[in-house]
Amino acid sequence: MPEPERRARKDAARNRQAVLEAADGLFAGSESPEDLTMADIAAAAGVGKGTVFRAFGDRAGLLRALYADRLEPVREAVEVGPPPLGPTTAPQERVPALLDTLLCFKLDNRRLVLALEESGSTSPYQAEHYGLWHGLLRSVLEQIPGLTDPDFTAHALLAAIRADLVERLAGQDGVSRERLRAQLATYARKVVTSHPDPSGRS
């Protein structure tokens with residue numbers, strides 16, 4: 001690779017990381033993340049607005065990249081990690097663990113996740129990350145004997161941790177983190193254990 005091209009790629013990677021770090025700080029400290037603009041983020045990163053658009057395309061693209069950056073440790077634990085998140089976990093235990101992890105992630109990243117779900121065009125269900133988590137939950141639910149509609153059940157479980165609902169409960173209603181986790185765990189366990197095994201095994 002020619003030296004000028006190598007240098008340009010290195011600069012682009014450095015600028016991209018600077019933008020992600022600036023956006024991370026701005027979203028974490030903002031009470032109104034929907035008001036943050038690409039120009040605000042570019043200024044905080046010390047780059048031109050055009051640099052941000054070239055790297056991420058638009059505001060939704062930047063939100064997705066920042067979400068993916070923050071979520072990477074969770075995704076790694078889900079894909080190759082040990083129980084209770086990893087793929088060797090029994091499905092009845094993995095489903096509640098996945099939901100608890102996603103709830104904690106949303107509580108820790110409330111502003112970003114809310115902004116991301118609101119960026120899903122006319123519906124948060126059109127957001128790319130929603131499809132990924134729904135597909136994962138559905139695949140785990142399909143492993144539970146007697147559960148007849150894993151697709152709908154995955155949607156229903158994810159509805160319990162929608163960002164706007166989490167914001168309402170944790171913010172406006174003042175429900176504590178511990179209580180939210182306990183309520184979700186109870187709900188998830190009921191869903192995954194209330195189905196008779198068609199094989200007749202207990």
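We're numbering straight along the sequence, starting at 1.
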Candidate pair Phe27 and Asn109, rule side chain to side chain contact (heavy atoms under 4.5 Å, CB included), full reasoning:
CA-CA 9 Å; Phe27 276 106; Asn109 300 275; over 6 Å; no
Would you please test Leu103 and Arg177 for side chain to side chain contact (heavy atoms under 4.5 Å, CB included) and show each step?
CA-CA 9 Å; Leu103 172 63; Arg177 182 189 188 96; over 6 Å; no
Before you tell me yes or no, could you show the steps for Leu169 and Val166 under side chain to side chain contact (heavy atoms under 4.5 Å, CB included), namely the whole-Å CA-CA distance, both residues' side-chain angles and the distance that decides it to 0.1 Å?
CA-CA 5 Å; Leu169 294 173; Val166 172; over 6 Å; no
The test is side chain to side chain contact (heavy atoms under 4.5 Å, CB included); show your working for Leu157 and Leu141 and say whether it passes.
CA-CA 11 Å; Leu157 288 170; Leu141 289 165; 4.2 Å; yes
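In the displayed structure, Arg14 atom CZ is contacted under 6.0 Å by more than 12 heavy atoms of other residues, nucleotides or ligands. Within 6.0 Å of atom CD in Glu167, more than 12 heavy atoms from other residues, nucleotides or ligands are found, so the atom counts as buried in its surroundings. The number of heavy-atom neighbours closer than 6.0 Å to CZ of Arg181, taken from other residues, nucleotides and ligands shown, is 12 or below. Dense packing is recorded around CD of Gln143, with more than 12 heavy atoms of other residues, nucleotides or ligands lying under 6.0 Å away.
Nearest heavy atoms, Arg162 versus Lys106: CA-NZ, 4.0 Å. What you find for Arg138 and Asp151 is that their closest heavy atoms are NH1-OD1, 3.3 Å. Across all non-hydrogen atoms, the minimal contact from Gly86 to Arg94 is O-NE, 3.2 Å. The shortest heavy-atom contact between Leu99 and Leu184 is O-CD2, 3.5 Å. Nearest heavy atom pair, residue Val52 against residue Met38, reads CG1-CE, 3.4 Å. Heavy atoms only, all atoms of each residue included: Val19 and Ala45 are closest at CA-CB, 3.8 Å.
Atom CG in Asp58 sits 8.5 Å away from atom CG in Leu63 (nearest 0.5 Å). The CG atom of Leu98 sits 8.0 Å away from atom OG1 of Thr89, with the distance rounded to the nearest 0.5 Å. Here the CG atom belonging to Leu66 is positioned 4.5 Å from the CG atom belonging to Leu112, to the nearest 0.5 angstrom. The distance from the CD atom of Glu72 to the CD atom of Glu79 is 7.5 Å, given to the nearest 0.5 Å. Taken to the nearest 0.5 Å, the CD1 atom of Ile41 stands 6.0 Å off from the CG atom of Leu36. Taken to the nearest 0.5 Å, the CD atom of Glu142 stands 12.0 Å off from the OG1 atom of Thr148.
Aromatic rings of Phe105 and Tyr67 (six-membered ring for Trp) have centroids within the 6.0 Å cut-off, being under it. Aromatic ring centres of His134 and Phe152: separated by at least 6.0 Å.
The side-chain heavy atoms of Leu20 and Phe56, taken from C-beta on, include a pair separated by under 4.5 Å. Considering only heavy atoms from C-beta on, Leu102 comes within 4.5 Å of Leu158 through its side chain. Counting only heavy atoms from C-beta outward, the side chains of Pro82 and Thr88 never approach each other to under 4.5 Å. Inter-residue side-chain proximity for Glu93 and Pro84 is flagged as unmet; no heavy-atom pair is nearer than 4.5 Å. Using a 4.5 Å cut-off on side-chain heavy atoms (C-beta onward), Leu147 and Thr153 make contact.
Between Tyr130 and His155, the angle of the ring planes stays under 30°, which puts this pair in the parallel group of the 30/60° scheme.
Hydrophobic clustering (side-chain heavy atoms under 4.5 Å, transitive across Ile, Leu, Val, Met, Phe, Trp, Tyr) groups Val175 together with Leu165.
Side chains of Arg54 and Thr51: a donor on one and an acceptor on the other come within 3.5 Å.
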